[in-house]
Amino acid sequence: MNDQDDRDPVLWYRLMVLAILIVSGTLAIGVLYPSPVSSPSVSMLAWISIPSWITLQTLILITPGFLAAWLLRSRLPRFCIGIGFGLMIVVPAGMLLDAIAFRWVSDRFFSAKILRVATDLRDSLLAHAQWKSVAPTLIWCTGFALIAIGVCCVSKPIARFCIRHRTVAKWGVSITGVLVCLFSFPAILDWQATATRMRANSTRHPWVVFRIINPNNVAATNTHPRFAPVSFVIPQSDIEYRKVQQRVAGLDWDALDSRDVPFPDVVVVVLESFRHEMVDAEVMPNLSLLANDGIHCRNHFSGANASNFGMFSIVNGLEAIWFEEPVRFSPLMNRLFRQAGYELGLFASHDDWRLFAMDVFLNEQQFDVFQCEPKGWSEVDKRTISRAAAFLNRSDLADDHSPSPRLAVVYLYTTHADYRCDPADAVFHPAADDSFPIPYRPEQRDAVWNRYKNCARTVDRLIRPLLDRNRVVIVTGDHGEAFLEDGTCGHGTKLSRYQTMTPAIVYAPGITPQQIDQPTMHADLLPTLTALVDLPMSDRSVFDGSAFASKRELSKSDLNERVFMVRDYLSDEALLVGPPNTTMASEQILGIGCRVSLGENRVRITTAISDSGDKWTDLPGSLRQSNKKINSQILQEWLKKRFDRG
């Protein structure tokens, strides 16, 4: 009996010590872990009340674990502390893991995106991981594990100290508890504003992390009817028809035989992680001149927010939803231009196509010349461009040889993180040095942006030999790049404007210079290219994209009212873009989120997507009276264009 009496106070105080240390640790994670959101300046009262409010949230969350351990103290005294510690440590561990996941992919730790990262995409992402990016995460996780072990070890001696000084311990805990409740009170009084702030900085607040507070703007039941879910079944026969159409697509042989004008050379330059702001005379003067002389698509979307889907759309003229289908093994661009007698070359500062399932359409069998190197930024880009220029200039042919037309695809890596430029191009300051972390903090954003602009200048200088005005030239990016505008660094994580949009510049001899402000996409580039070189297609309806330019005239009519789809890399989500009058750009709504599965013959609209890639669960007041049938109309328009055989 005496042993039990002696043990109970130790257990009680030890649980109390563990609870206090766990609350302190959770508060430290919430306040100290770098956030992608800049914290606004606040008053002294708010500065004190924020940690108090986080502390109160944590106390409420660990209470069930604390009580469970206390109730089991008599039956399982040996395991009481382990049970209590195990249940309570979930709170700071969940906070840390969620903060890490949110900083990397802008989604919660327990989400479909993280599951896909940990399974299907693990190898490809690890291959591109840099130590300076991984190290901070490893340090945080290792530090957390060591501190957790230390907390468990020191809790017993601290508990015995508290028993010897019970009065001091009780008064200290009581005063701290009163202060926490007192300074948390303003947050409860203005609950609506508090909930908004919690969602805006969601990794800081335990109630948002553990979904007691919905991390979205409002409850899902309040979704505006304009974006209520709409689902359609795609007839299997229509999908199979499109697959057959893709496999048999080719040129009109009679028209090809009667042609007496030689085909021009073509170069397609693809820049990694390329933002449209770089097409500027101060940043990229050579590319800016080409844009002034040709067609500049200023509202252009990649096929997705990642390289594999973006490249697929470029070489097939198709939306990336067809990526898993048979056409991937016989890309339309290669097939059509080879039928026209072109020699094809791929020159790339990149060679790990297999990791991203691109090796089936970017390989030695698909190109007559296939020269790729491991990624190496500008040094490798220089060699890549030199090889492409030699191929296009026919340095490998004798003078008396009648050359066939040539098409070169040039894939350059310099504009990929970590944005390395040649020293002579470092003109924008202040610029981050080589040690900048990824992800970086909001206060580092401007310096990283300048670093990116400097590397774009390097690329612009290097590609000048490829921008020959006697060729058909396309310059675009494989996708965009986020610099914390959507809360993330890089690409492949969100269907935001910054990750999905990239410039497209198209030039051909004799073309009328124009700017296109209507939404265009990567799937438009191949049909446009075939129109510019006058390839006699047997069936142009095989493309998902539209030819927005030819040497004779510029056609914008098909761009005004169409709808197209952009795919996400980390999930099965996609984005429906257009028409312009339904995307509501003035309201910062980029498009409509959807899920499409050709395997399940189904496409389903979910909700509106903002410029930053976030889901709208409520809309501005100006849109309250919008037509409830608009979702169905948009989806039916897309289905009609893609699968209507008429």
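The structure displayed is predicted, hence computed values, not measured ones.
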According to side-chain hydrogen bond (donor to acceptor under 3.5 Å, both in side chains), does anything in residues 278-287 pair up with another residue at least two apart or in another chain? List the pairs. N286-D460
State whether [Y] and [X] meet the cation-pi test: NZ (Lys) or CZ (Arg) under 6.0 Å from the six-membered ring centroid, and within 45° of the perpendicular axis.
| X | Y | value |
| --- | --- | --- |
| R406 | Y342 | no |
| R451 | F436 | no |
| R328 | F312 | no |
| R445 | W449 | yes |

Using the ring pair (Phe, Tyr, Trp, His ring centres under 6.0 Å) rule, collect all pairs that involve residues 361-381, keeping only residues at least two apart or in two chains. W377-Y413
How about CD on E364, more than 12 heavy atoms from neighbouring residues, nucleotides or ligands closer than 6.0 Å, or not? no
Candidate pair N393 and S395, rule side-chain hydrogen bond (donor to acceptor under 3.5 Å, both in side chains), full reasoning: CA-CA 6 Å; N393 294 333; S395 302; 5.3 Å; no
Taking all non-hydrogen atoms of both residues, which atom of T528 and which atom of F548 are closest, and how far apart? OG1-N, 3.1 Å
Salt-bridge test for R497 and D611: reply yes if a basic N is under 4.0 Å from a carboxylate O, no otherwise. yes
Salt-bridged, R383 to E373, with N to O below 4.0 Å? yes
I'd like to know if the side chain of [X] and the backbone of [Y] have a donor-acceptor N/O pair within less than 3.5 Å.
| X | Y | result |
| --- | --- | --- |
| Q444 | R441 | yes |
| N316 | L318 | no |
| N305 | Y569 | yes |
| Q515 | H296 | no |

